[in-house]
There are 2 protein chains.
Amino acid sequence: MRGAVIHAPGDVRLEDRPDPTVVESTDAVVRTVATCVCGSDLWRYRGIAQVPKPTPIGHEYVGVVEATGADVTTVKPGDFVVGGFLTSDNTCALCTAGAHANCLNGTGYDGCQAELIRVQNADGTLIATPAEPDKAMVPSLLALSDVMATGWHAAVCADVRPGSTVVVVGDGAVGLSGVLAASQLGAERVIAMSRHKDRQRIARDFGATDIVPERGDEGVERVKDLTGGLGADSVLECVGTHDSVVQALRSARPGGTVGWVGVPHVTDLPQEHMFWKNVGLRGGPAPVRAYLSDLLHRVWNGHIDPGRVFDLTLPLHQVGEGYAAMDERRAIKALLQP
Amino acid sequence: MRGAVIHAPGDVRLEDRPDPTVVESTDAVVRTVATCVCGSDLWRYRGIAQVPKPTPIGHEYVGVVEATGADVTTVKPGDFVVGGFLTSDNTCALCTAGAHANCLNGTGYDGCQAELIRVQNADGTLIATPAEPDKAMVPSLLALSDVMATGWHAAVCADVRPGSTVVVVGDGAVGLSGVLAASQLGAERVIAMSRHKDRQRIARDFGATDIVPERGDEGVERVKDLTGGLGADSVLECVGTHDSVVQALRSARPGGTVGWVGVPHVTDLPQEHMFWKNVGLRGGPAPVRAYLSDLLHRVWNGHIDPGRVFDLTLPLHQVGEGYAAMDERRAIKALLQP
């Protein structure tokens, strides 16, 4: 089968790789129907994170189960399935507490930008759709694999509630998903920080009530103007740079909470915007399985269409172009079809 | 009247000062019945925080209202009152959101280790007891002014719930109050980190189920041993040093939350124990008024006796000895009687 391998910054190639197989009795092998490129993949593509050796890449997928181990009971060959960007057993003490991203037996993948993938902990990771989905729904199901669940996690960590005022920092796929999550969780006001017309449009469609294109001091001032001088109850940090984390903390009102989900590249957390303002900071990698049933239900019933973040669809063999388009901000998020 | 003034590290004196008066129509003047020394006062006493000029000191008190401004409606002369360590109007947007410590019109005091004090925002700060309290109850009412409310805030910020496993870092008056708070909020397991026999005894009486005397790596290991290798759902950070904050973050399980209330003197927040572990950090100065009615009810009805943290009682003119005893750890907390 063919799968993407990153060799060095800027160099992702589709290559022949061995077909994955069921190794443990809790494994499944899934034939991907769609996969995609993640903003976090770009850290390596851009040379900010290291690529010590050629490495299979990708961690988002939907597909059809091809084979299962003897102990897999909840999905079977032929099922259309969605799984999160990390596997989880859904039974350990941490999964029971809802912290599936930190599952005691969790694993990553052997590269999901591929035709076939091995999914460990299949029962605790995969959920089958009620039936074969329409092709039009595939992007929204694929979004649940990471970005939509991650945006949801940001909103949950930021304590978004009915009536909340929310700021979303970042207009990438996760930020836009965060807008949708905040809106679904009942936020009354959702302020999306975005400078790009196409992304602003999606943000509006996802429930943003206000758009702030400014950044830095100016961005904070605009947020204050929109929130009676106070800042927002909840802020979703969906980028991960030092500046964006500072922006997020400064955009929260005293007593508010920042949910951070952008993989942080922060030199020093600015305590001066935290303790004395009683601003909390919570988040990390999303426990996808904790949210997956609920989110799948919302997609299946047409309440949300998070797949709109995919504005570029390519055949899998053009995976390199998918990376380039996202790196150059020509695309929000690239969907790859095997 | 006489009030304490800090002149320099190690130098706190009781001096004649002008009697405070009602300045604004929302002020009250309170004749203190008891006041005390706070761990946070020691930062200046120890020379860690600056003392640029002689400054009235102290921010905890209970007493009897002596005079009120024309617009004060909820307390009247003769009432026995408790107030928090910051004043709050209890009506602004932040107070309405429960963030009274960050009240838009909040103020501090002109030194509460004194015979008389001016309390601004009297209606939004003071609560009168249902009747004149017994003398034996005065220490517990005084504790509500800061340490008990601060321990409570730590527990609320750390998301303590019925059934939670909780670690409390710090066995000072705030840490012990945090143990009591966690217990009152329904924690099933409360692990108090303490090396002092007398403090361990109070912690046990306040609801601690386990005592860990070790610190640093050993302390973290002991907590892990007691929590199935995971760490605690909630951790209360009640010290504020770099080491104690690191200890607190490392003691939390993945997906858990640290409530921090010790005035932080932290060089760099250790993100490595936060994002990837999904460990949140929330807290700051306590919004005393948000909790005061509830806590007053618990004290008045004999459900809690937070005044047990006072293990030294001195006449106000020995205020210097109160500081020295706390500085040298001969006392947990010193109560001063005018």
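All chains are named by letter (A, B, ...) in the order of the sequence lines, taking the proteins before the strands, and each is independently numbered beginning at 1.
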key: Residue selection (most heavy-atom pairs with chain A, distance under 4.5 Å) from Cys157(B), Gly283(B), Gly280(B)   = Gly283(B)
message = Heavy-atom count check: over 12 atoms from other residues, nucleotides or ligands less than 6.0 Å from Glu188(B) CD?
response = no
key: Test item: Phe275(B) and Leu269(A) side chains (from C-beta on) under 4.5 Å apart, heavy atoms   = no
request  = Heavy-atom pairs under 4.5 Å with chain B are the metric here; pick the option from Val258(A), Val261(A), Leu94(A) that has the most.
outcome  = Leu94(A)
query = Are there residues of residues 219-246 of chain A that reach to under 4.5 Å of chain B by heavy atoms, and which ones?
reply = Leu230(A)
query = Got more than 12 heavy atoms from elsewhere within 6.0 Å of CZ, Arg189(B)?
reply = yes
ask   = Is a donor on one side and an acceptor on the other found under 3.5 Å between the side chain of Asn278(A) and the backbone of Gly284(B)?
value = yes
ask   = Which atoms of Val279(A) come close to chain B, meaning under 4.5 Å heavy atom to heavy atom: side chain ones, backbone ones, both, or neither?
value = backbone
query = Just by distance, do the side chain of Gln271(B) and the backbone of Pro264(A) share a donor-acceptor pair under 3.5 Å?
reply = no
request  = Specify the closest pair of heavy atoms between Gly255(A) and Ala99(B), including all atoms of both residues, with the distance to one decimal.
outcome  = CA-CB, 4.2 Å
inquiry  = Given heavy-atom pairs under 4.5 angstrom as the criterion, report whether the side chain, backbone, both or neither of His153(A) touches chain B.
reply    = side chain
request  = Determine yes or no for a side-chain-to-main-chain donor-acceptor pair under 3.5 angstrom, with Asn102(B) supplying the side chain and Arg253(A) the backbone.
outcome  = no
key: Pick from Gly259(A), Gly262(A), Pro270(A) with the largest number of heavy-atom pairs that fall under 4.5 Å of chain B   = Gly262(A)
remark   = CE of Met274(A) to CG of Leu281(B), rounded to nearest 0.5 Å, is 4.5 Å
